[in-house]
Every structure is written in structure tokens, then in C-alpha cells.
Amino acid sequence: MTTRHLYLARHGAANAFGELTGIGHRQASLLGERLFGVPVDAVWHSPLPRAVASAHELARHLPDVPVTEAAELVDHVPYVPSAAETPPSWAGFFDGYDDTEAASGQRLAEALVARFAKVPDTTAEGARPDTHEVLVTHAYQIAWLVRHALDAPPSRWLGLNSANTALTVIEYRSGLPPTIVMFNDMSHLPADLRWTGFPEGMRP
């Protein structure tokens with residue numbers, strides 16, 4: 001059975017200008033240490049600086065693994081829910097999103113799924129080897145891929161948050177639905193580096 005293993009990670013902690021902080025570099029390095037024993041084939045990252053820096057930081061622990069930008073991983077709102085689909089706590093969040101912006105975000109979300117949420121492509125020889133790929137992206141994109149794997153309604157990406165460099169793993173296998181192996185796992189981070197990226201009131 002052919003399996004595509006996706007290791008999803010939100011970028012490390014960043015400052016108000018979107019640049020990786022010292023804490024963010026430490027988080028990304030620790031994630032790289034955790035992934036060292038995994039047979040990683042590729043590291044993909046969002047075009048935004050905080051994701052680029054995180055990807056290259058963690059890749060220092062993955063010798064000879066290519067690090068490549070993927071436009072589909074950029075930070076964006078993947079789906080703007082209708083008023084009926086929007087939880088009260090999100091009221092007002094989508095004010096200002098017009099139809100053009102919503103359609104653009106949805107196209108990006110569909111492209112993200114089409115590119116990564118599937119089993120490996122067939123090779124010229126006909127075989128489809130297992131793949132292990134790291135995606136360094138943003139909280140909304142991880143939420144969207146988790147929602148897709150669960151076959152949940154589009155609006156269900158709301159409320160799925162990921163801490164900086166927390167690890168989510170999804171497996172895509174031939175003839176079977178996707179499997180979420182883990183979500184938002186921070187066991188590679190010491191206590192003082194966990195839960196960054198979450199609002200203070202939501203941290204346990």
C-alpha cells in the first residue's frame with residue numbers, strides 16, 4: 001500500500017513584522033531535531049519570511065533534503081463562512097472580506113488540497129513509492145488540511161489552531177480515507193516554548 005506522509009508544522013514564533021524571533025529559531029531547530037530520524041524526501045514552505053526561515057532552520061538537521069517554496073502554503077483564509085455558519089465568537093472577523101477575496105482564498109485552498117492531500121503520483125516505471133514530506137505553513141492551512149482529512153464541512157476549519165512548530169501528521173493511503181496520526185503535538189519543545197501562537201486565554 002502506497003502512503004504519503006505529510007508532516008505539517010506552523011512556522012516558529014514571529015514578531016509583528018512577520019520575521020522569525022530568537023524563540024522561533026529555537027522552536028524550528030528543535031522540530032528539525034525531532035524529524036532527523038524520519039526519511040524526509042522534501043521540505044516545502046510558504047513564501048512568507050517566517051515560514052521560509054523556519055523551513056531552513058529545521059532543514060539544517062535534515063542533510064541533503066531539498067527545501068522548496070510552495071505558493072499554495074501561503075497564509076490566507078481558505079473559506080469565508082456564511083453568517084449561519086459563523087460561530088458567535090468569530091462574529092466580525094470576516095468583515096471586509098469581499099466576494100473577490102473569498103473566491104481567491106477558496107481557489108488557493110483547493111490548490112493546496114489538490115497538490116498535497118493525495119497519495120504519491122505514479123512514476124514512469126508504474127510504481128508509487130511512499131513519500132515523507134514536511135510542510136512549513138500557517139495555522140489556517142493546517143486547519144484546512146485537517147478539516148479536509150476528516151471530510152468535515154468547509155466552515156469547520158474555524159477553531160482548529162496550531163501552536164508554533166507544533167507537529168500534525170496526516171497519512172494518505174491508496175484506497176483508504178486519510179488518517180490523522182497526530183495533531184498539534186509539541187513534545188519536542190520544552191515547556192517554556194510551547195503554546196506560542198495561541199491567545200493567552202486559550203493556553204492550558
Side-chain angles (χ1 to χ4, degrees), residues 1-13 24 26-46 50-52 54-70 72-75 78 109 111-121 128-152 156-191 193-198 204:
M1 180 178 293
T2 302
T3 304
R4 184 178 206 163
H5 306 263
L6 287 189
Y7 303 85
L8 310 175
R10 185 180 178 182
H11 57 82
R26 288 172 59 203
Q27 291 170 323
S29 181
L30 289 166
L31 177 59
E33 289 182 17
R34 177 172 183 176
L35 294 171
F36 174 73
V38 176
V40 176
D41 299 294
V43 174
W44 303 93
H45 62 77
S46 156
R50 56 193 183 273
V52 176
S54 297
H56 284 278
E57 182 68 50
L58 72 86
R60 293 192 305 107
H61 300 277
L62 308 173
D64 303 320
V65 174
V67 180
T68 310
E69 179 179 304
E72 298 89 344
L73 295 173
V74 74
D75 196 10
L112 173 63
V113 166
R115 182 169 182 179
F116 292 109
K118 60 180 183 179
V119 296
D121 293 326
R128 294 193 296 182
D130 287 1
T131 61
H132 296 259
E133 298 160 89
V134 178
L135 275 55
V136 182
T137 184
H138 308 273
Y140 292 173
Q141 283 52 64
I142 295 170
W144 186 253
L145 288 170
V146 169
R147 178 220 63 82
H148 175 267
L150 293 172
D151 198 23
R156 194 59 192 89
W157 73 270
L158 298 173
L160 293 174
N161 203 353
S162 293
N164 295 122
T165 72
L167 188 62
T168 292
V169 181
I170 305 178
E171 293 180 350
Y172 301 89
R173 296 167 293 176
S174 306
L176 292 171
T179 298
I180 297 176
V181 178
M182 65 178 66
F183 174 71
N184 200 44
D185 185 272
M186 291 173 270
S187 58
H188 52 286
L189 300 175
L193 296 184
R194 296 179 183 177
W195 297 110
T196 68
F198 268 64

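No experiment lies behind these values; they were computed from the predicted model shown.
In this structure, Phe198 and Trp195 have perpendicular ring planes: the angle between them is above 60°, well past the 30° mark. Below 30°, between 30° and 60°, or above 60°: for His56 and His45 the angle between ring planes is between 30° and 60°, a tilted geometry.
The two residues Val38 and His132 make their nearest non-hydrogen contact at CG1-ND1, 4.0 Å. Minimum heavy-atom separation, Leu167 to Tyr7: CD1-CB, 4.0 Å. Closest of all the heavy-atom pairs between Arg4 and Arg115 is NH1-O, 3.2 Å. For the pair Ala163 and Met186, the tightest heavy-atom approach, listed with the atom from each and the gap, is CB-SD, 3.5 Å. Looking at every heavy atom in both residues, Gly197 comes nearest to Arg10 through O-NH1, 3.2 Å. Closest non-hydrogen pair, Phe183 versus Thr168, comes out as CD1-OG1, 3.4 Å.
Distance check: Thr68 OG1 to Trp44 CH2 gives 5.0 Å after rounding to the nearest 0.5 Å. With rounding to the nearest 0.5 angstrom, the CG atom of Leu58 is 12.0 Å from the CD atom of Gln27. Distance check, rounded to the nearest 0.5 Å: CZ of Arg173 to OG1 of Thr2 gives 12.0 Å. In this structure, Tyr140 OH and Leu145 CG are separated by 15.5 Å, a value rounded to the nearest 0.5 Å. With rounding to the nearest 0.5 angstrom, the CG atom of Leu189 is 4.0 Å from the OG1 atom of Thr165. Put simply, CG on Leu30 and CG on Leu35 are 11.0 Å apart, with the number rounded to the nearest 0.5 Å.
The closest side-chain donor-acceptor pair between Asp41 and Thr131, if any, does not fall under 3.5 angstrom. Between Ser46 and His11, the side chains place no donor N or O within less than 3.5 Å of an acceptor N or O (distance only, hydrogens not considered).
The main-chain N or O of Thr3 is found under 3.5 Å from a side-chain atom of Asp130 such that the two form a donor-acceptor pair. A donor-acceptor contact shorter than 3.5 Å links the side chain of Arg156 to the backbone of Leu158.
Between Asp185 and Arg34 the shortest side-chain heavy-atom distance falls below 4.5 Å. Considering only heavy atoms from C-beta on, Ser54 stays 4.5 Å or farther from Asn164 through its side chain. Under the 4.5 Å side-chain criterion, counting only non-hydrogen atoms from C-beta, His148 is not in contact with Ile170. The closest side-chain heavy-atom distance from Leu193 to Arg26 is below 4.5 Å.
Checking Val136, Leu112, Ile142, Leu8 one by one against Leu73, the side chain to side chain contact (heavy atoms under 4.5 Å, CB included) holds for a single residue, Leu112.
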